[in-house]
4 protein chains.
Amino acid sequence: MAGTPGPDAEARVRASFEKQGLMALIGARLVEVERGRVRIDLPRRPEVSQQHGYVHAGATSAIADSAGGYAGLTMMPEGAEVLTVEYKLNLMAPAAGDLEAEGTVLRSGRTLTVCELAVFAVVGEQRTQVAAGMQTLICLPGN
Amino acid sequence: MAGTPGPDAEARVRASFEKQGLMALIGARLVEVERGRVRIDLPRRPEVSQQHGYVHAGATSAIADSAGGYAGLTMMPEGAEVLTVEYKLNLMAPAAGDLEAEGTVLRSGRTLTVCELAVFAVVGEQRTQVAAGMQTLICLPGN
Amino acid sequence: MAGTPGPDAEARVRASFEKQGLMALIGARLVEVERGRVRIDLPRRPEVSQQHGYVHAGATSAIADSAGGYAGLTMMPEGAEVLTVEYKLNLMAPAAGDLEAEGTVLRSGRTLTVCELAVFAVVGEQRTQVAAGMQTLICLPGN
Amino acid sequence: MAGTPGPDAEARVRASFEKQGLMALIGARLVEVERGRVRIDLPRRPEVSQQHGYVHAGATSAIADSAGGYAGLTMMPEGAEVLTVEYKLNLMAPAAGDLEAEGTVLRSGRTLTVCELAVFAVVGEQRTQVAAGMQTLICLPGN
């Protein structure tokens with residue numbers, strides 16, 4: 001389902017991302033916006049750690065959730081808004097390194113969208129998947 | 001499974017919470033530590049918002065995940081460490097207000113622990129459940 | 001959210017249950033229908049086992065999913081139909097014994113409903129929770 | 001993680017599958033056993049239906065759960081047994097047709113294994129993904 005979104009879709013995603021106080025607070029960056037696929041990165045820093053010094057699952061979740069939500073938004077009609085209904089995340093390895101979260105639309109329906117979530121930790125040339133998940137989104141039609 | 005944890009359990013939870021950079025960054029506070037049950041609060045502020053001004057699902061998740069993880073830790077042997085294996089969260093209503101996350105142990109085994117997660121938004125005297133979830137934890141025995 | 005459903009709601013649930021070939025095949029019985037809460041039982045037999053002789057997670061899931069779906073249906077408008085969007089189930093203990101699945105509505109919205117799922121195994125006077133889960137349903141309005 | 005499992009792994013999976021009463025009851029067939037990947041098929045019949053005539057989510061879950069569990073077992077040491085800790089399944093489209101469930105290992109650890117679950121419905125030459133999920137397994141070492 002990848003491909004180039006309309007210029008409006010990317011602009012909508014970027015405008016919405018700028019409004020997310022949490023993304024700025026934790027230092028996340030919107031890196032790629034394709035049709036049905038979005039990537040958000042989070043450089044590792046002490047401020048987003050858990051008690052063992054790895055990135056906190058909450059920060060990992062935050063970028064994964066946002067990446068999936070915006071991936072869904074790229075396939076929704078103009079003026080629509082997206083809300084997360086639920087998501088599930090398996091934390092498979094310690095989040096040691098800079099993080100890259102990818103959200104990819106698996107099925108886009110009129111009301112509900114299902115995304116796959118994947119988070120990778122990058123240390124030097126090594127890129128390890130540290131989380132995998134699934135997410136259900138709901139499309140709120142605009143006026 | 002509620003009850004008073006040993007003084008060590010509460011001290012261990014508080015010491016670990018202090019080391020979580022993300023909890024300090026978002027402004028979360030460890031409010032209650034009982035045996036098998038922990039509560040973490042998050043006052044609403046623009047820095048933890050999503051694009052519509054509500055608290056971001058990632059911040060909601062962060063305090064829910066930490067509350068569940070520490071609830072599990074209160075029932076683990078001294079020296080043990082806890083890691084989140086996976087969790088699933090349903091976001092049932094906009095997180096409008098100050099948040100209170102509760103993690104409650106449903107089943108505590110030697111290796112795995114299952115917790116229920118609940119997050120409430122408080123505005124004045126109104127307290128609304130905004131998220132419900134489940135979490136699987138693994139106990140890493142100490143030396 | 002418990003309470004007595006209208007006679008129509010219970011009749012609708014019972015009529016729908018009778019049409020589920022799988023419930024008959026595995027030997028499940030619709031035991032209780034309240035507003036926002038439904039219980040379905042499954043007597044243990046070799047035909048529903050997994051490789052160690054316990055009840056198969058698929059059979060446990062089937063009754064949990066149906067109990068939740070029907071609990072949601074009791075709160076939907078007449079003529080509406082219910083579909084499961086997704087569910088998550090933690091299998092906390094071997095399903096040794098006769099099973100009792102309870103679905104309870106946690107939040108009922110116009111489009112989406114969230115239920116808690118719980119499955120208990122009964123052996124003599126002992127009743128042990130063997131599974132806990134969450135479920136998201138969608139309401140399809142009737143004509 | 002695909003590849004040929006040792007002859008023992010495939011034999012272990014086939015022997016275990018034969019002991020699952022539920023798989024025989026619903027008419028499921030073990031079709032492919034590779035290292036880290038297993039496929040189980042379920043021909044559509046009225047006995048496995050839900051109230052609208054599609055395959056019941058419980059039957060869909062049963063073959064998805066078994067496919068994932070056995071995919072995990074192919075990568076575990078000889079004598080080990082596998083149990084499902086939890087799984088989550090999104091039902092994305094009506095299960096109309098003969099079903100094919102695939103379980104694929106995403107990460108195999110000493111204690112825990114994470115699998116992706118996918119279920120497809122086949123009608124003539126059309127193959128549609130009807131469910132997607134994630135599963136956590138635990139390895140119980142043999143004697």
Side-chain angles (χ1 to χ4, degrees), chain A residues 12-13 15-28 40 42 44-70 73 81-94 101 131-138 140, chain B residues 12-13 15-28 40 42 44-70 73 81-94 101 131-138 140:
Chain A
R12 273 189 290 150
V13 169
S16 177
F17 186 87
E18 298 300 321
K19 289 189 209 145
Q20 292 202 334
L22 186 68
M23 292 294 106
L25 182 69
I26 64 177
I40 294 175
L42 177 66
R44 185 183 188 178
R45 335 176 268 146
E47 288 82 358
V48 296
S49 70
Q50 36 87 292
Q51 69 277 20
H52 306 118
Y54 302 119
V55 178
H56 194 287
T60 305
S61 300
I63 56 170
D65 175 52
S66 283
Y70 287 134
L73 188 59
E81 304 216 344
V82 61
L83 285 178
T84 300
V85 172
E86 60 84 36
Y87 69 88
K88 179 251 205 289
L89 204 66
N90 271 71
L91 303 156
M92 302 188 297
M134 295 196 58
Q135 181 191 44
T136 308
L137 304 168
I138 190 164
L140 304 180
Chain B
R12 271 188 292 151
V13 168
S16 176
F17 186 87
E18 298 301 321
K19 288 189 210 146
Q20 292 202 333
L22 185 68
M23 292 293 107
L25 181 70
I26 64 176
I40 294 175
L42 177 66
R44 185 182 188 178
R45 352 175 252 145
E47 288 82 357
V48 296
S49 70
Q50 37 86 291
Q51 69 275 23
H52 307 116
Y54 301 119
V55 178
H56 194 287
T60 306
S61 300
I63 57 172
D65 174 52
S66 283
Y70 288 134
L73 187 60
E81 304 216 343
V82 62
L83 285 178
T84 301
V85 172
E86 60 83 37
Y87 69 89
K88 180 250 205 287
L89 204 65
N90 271 70
L91 302 157
M92 302 189 296
M134 295 196 58
Q135 181 190 44
T136 308
L137 305 167
I138 191 165
L140 303 181

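Chain naming here is simple, since letters A, B, ... match the order of the sequence lines and numbering starts at 1 in each.
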Would you sort out whether B:His56 and A:Leu25 count as a side chain to side chain contact (heavy atoms under 4.5 Å, CB included), showing the intermediate values? CA-CA 11 Å; B:His56 194 287; A:Leu25 182 69; over 6 Å; no
Under 4.5 Å to a heavy atom of chain B? For A:Ala24 that would be neither
One pair to check against side chain to side chain contact (heavy atoms under 4.5 Å, CB included): A:Ile63 and A:Met23. What are the steps and the verdict? CA-CA 8 Å; A:Ile63 56 170; A:Met23 292 294 106; 4.3 Å; yes
Top contributor to chain A contacts, counting heavy-atom pairs under 4.5 Å, from B:Thr60, B:Thr136, B:Leu91: B:Leu91
Where on B:Tyr54 is there a heavy atom nearer than 4.5 Å to chain A: the side chain, the backbone, both, or neither? neither
Would you check, one step at a time, whether the test side chain to side chain contact (heavy atoms under 4.5 Å, CB included) holds for B:Gln50 with A:Thr84? CA-CA 11 Å; B:Gln50 37 86 291; A:Thr84 300; over 6 Å; no
Which atoms of B:Ala59 come close to chain A, meaning under 4.5 Å heavy atom to heavy atom: side chain ones, backbone ones, both, or neither? both
Segment of B:Ile26 engaging chain A (4.5 angstrom heavy-atom cut-off): both
Looking only at heavy atoms and a cut-off of under 4.5 Å, which of B:Met134, B:Lys19, B:Glu47, B:Glu81 has the most pairs with chain A? B:Glu47
Are any side-chain N or O atoms of A:Glu86 and backbone N or O atoms of B:Lys88, one a donor and one an acceptor, separated by less than 3.5 Å? no
Where the side chain of A:Tyr70 meets the backbone of A:Phe17, is there a donor-acceptor pair that is under 3.5 Å apart? yes
Separation between CD (B:Gln51) and OG (A:Ser66), nearest 0.5 Å, reads 7.5 Å
Considering all heavy atoms of both residues, which atom of A:Ser61 and which atom of A:Tyr87 are nearest to each other, and what is their separation? CB-OH, 3.3 Å
Specify which of B:Gly69, B:Gly21, B:Ala15 makes the most heavy-atom pairs with chain A at under 4.5 Å. B:Gly21
Of the backbone (N, CA, C, O) and the side chain (C-beta and beyond), which part of B:Glu18 lies under 4.5 Å from a heavy atom of chain A, both, or neither? neither
Contact part of B:Asn90 toward chain A, heavy-atom cut-off under 4.5 Å: side chain, backbone, both or neither? both
